[in-house]
Amino acid sequence: MRKKELKQLKLAVPKQETPITNFLTASGTFQDGDLLLNRQGLRFISHDKENSPSYTHPEDTQFNLADLETMKVIGKGSGGVVQLVRHKWTNKLFALKVIQMNIQEPVRKQIVQELKINQASQCQNIVVCYDAFYNNGFISLVLEYMDCGSLADVLKQLKTILEPYLAVVCKQVLKGLVYLHHERHIIHRDIKPSNLLVNHKGEVKITDFGVSAMLANSMGQRDTFVGTYNYMSPERISGSAYGYSSDIWSLGLVILELAIGRFPYLPLEKEEGWLNFYELLETIVGQPPPCAPPDQFSPEFCSFVSACIQKDPKDRMSSLDLLSHPFIKKFEDRDIDLAILIRSLDPPM
Ligand code: ATP
Ligand code: MG
């Protein structure tokens, strides 16, 4: 039985195509400062007086890949596959994300930083990464399982999301962003509907601090970036310096998309397909920014969207200030139950 389960799990891990070994120690361990990543998982190392390493795990949770039984594939991204897995001994469900690792030094540094942040996350609106394993050129992340999929899945079914629910969604995403920007001093870099996950409790959580993108690509190099550019701010897509406010631009576009039911830059006549990169770049940088149509949405909503989607990053509000924007405040006392709405939908694949 155990043999069978192990075999099953092996099948679920993609085959290594390019051996990636030059940053590993002879024992197959990847070490950077006080962080150690190998088949046994991610550990923070503290050195005693004799300088022999002892391993401490931030959560006291010991995972072993062999103890995770694959239930089904729940998603595929450009960087890898996400599976629903069950922990054999506790019966708990997790999402296991398996990504091919890029070896370039800046990418590696970034990954390490992000895994650290994710493990230490104390925020209700950030998807927890319980453990990470390095195996044969692939990194497996054991993530909190969000059983209702992403906002992209939600939008597919609902077509559009009404303002009261949007306010509830937005408040939670903003809390996650406040945590990242103001407490951890991190730019997410990849805010988009598929990176905002929901569960049956109506919780919305941010995932992928660009981890998958950075693992699979060289960071910041446009020609090797395989994710979407759609939500990139003008300064970022044009290769200039960018900061936290770049995430705010993306948030504004996402919220507007959820409200109108289509990507805001998508020309009406183009139902399917998308502008190529240069058309997109030209539109984002050269055209006036999109806004919410005032005849269809409340003044508070329109104001919120344009507080985010400003071409000059200095004109965008911060995540912290947006939390007290009138659009968010407007629905705070109204007992809007996002959980009921989410639970009424078909479960994701
Ligand atoms: P890209 O790779 O281009 O950024 P993506 O965000 O869709 O796109 P992944 O991050 O690999 O790609 O995720 C694929 C899908 O798996 C997501 O769209 C989501 O539906 C699902 N998913 C990811 N993480 C979880 C999770 N922790 N719990 C539940 N479902 C998840
Ligand atoms: Mg993702």
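The first residue in the sequence is number 1, and the count goes up from there. Whatever order the structure lists them in is the order used to number ligands and atoms, beginning at 1.
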*Under 3.5 Å between some N or O of ligand 1 and some N or O of K97?*
yes

*Relative to ligand 1, is L84 under 4.0 angstrom through side chain, backbone, both or neither, heavy atoms considered?*
neither

*For ligand 1, indicate whether the residue D153 contacts it via side chain, backbone, both or neither (heavy-atom separation under 4.0 Å).*
side chain

*Taking atom types as modelled and ignoring hydrogens, do the side chains of S303 and H325 form a donor-acceptor contact shorter than 3.5 angstrom?*
yes

*Does the side chain of E257 come under 3.5 Å of the side chain of Y231 through a donor N or O and an acceptor N or O?*
yes

*Verify, without hydrogens or angle tests, whether D247 (side chain) and H188 (backbone) share a donor-acceptor contact under 3.5 angstrom.*
yes

_Atom of L196, atom of V254 and distance for their closest heavy-atom approach_ = CD1-CG1, 4.0 Å

_Contacting atoms of ligand 1, where contact means under 4.0 angstrom from a heavy atom of Y145_ = 28 (N), 29 (C)

*Could you check if a side-chain atom of Y242 sits within less than 4.5 angstrom of a side-chain atom of R189, using non-hydrogen atoms only?*
yes

*Heavy atom under 4.0 Å from ligand 1: found in T207's side chain, backbone, both, or neither?*
neither

*Atoms in ligand 1 with a heavy atom of S194 nearer than 4.0 Å*: 5 (P), 6 (O), 7 (O), 8 (O), 18 (O)

*Please identify which atoms of ligand 1 are closer than 4.0 Å to at least one heavy atom of G75.*
14 (C), 15 (C), 16 (O)

_Between ligand 1 and K76, is the shortest N or O to N or O distance under 3.5 Å?_
no

_Only heavy atoms of A95, strictly under 4.0 Å: list the atoms of ligand 1 that pass._
26 (C), 27 (N), 28 (N)

*Straight-line distance of L322 CG to F304 CZ, nearest 0.5 Å*: 4.5 Å

_Restricting to N/O/S atoms, is D190 within less than 2.8 Å of the Mg ion (ligand 2) or not?_
no

*Can you tell which of K205, K192, M146, E144 gets a heavy atom nearest to atom 1 (P) of ligand 1?*
K192

*Check whether more than 12 heavy atoms from other residues, nucleotides or ligands sit under 6.0 Å from atom CD of E282, and answer yes or no.*
no

*Can you tell me if L197 has a non-hydrogen atom under 4.0 Å from ligand 1?*
yes

_Closest approach to the Mg ion (ligand 2) by D208, given as the N, O or S atom name_ = OD2

*For the residue pair L197 and V204, establish whether any side-chain heavy-atom pair is separated by less than 4.5 Å.*
no

*Metal site the Mg ion (ligand 2): N/O/S of T207 inside 2.8 Å*: no

*asked:* Would you say E203 and Q124 are linked by a side-chain donor-acceptor pair, where the criterion is simply a distance under 3.5 Å?
replied: yes

*Short list, please: which atoms of ligand 1 are under 4.0 Å from a heavy atom of I74?*
29 (C), 30 (N)

*asked:* Return the NZ to CG distance between K171 and N125, rounded to the nearest 0.5 Å.
replied: 10.0 Å

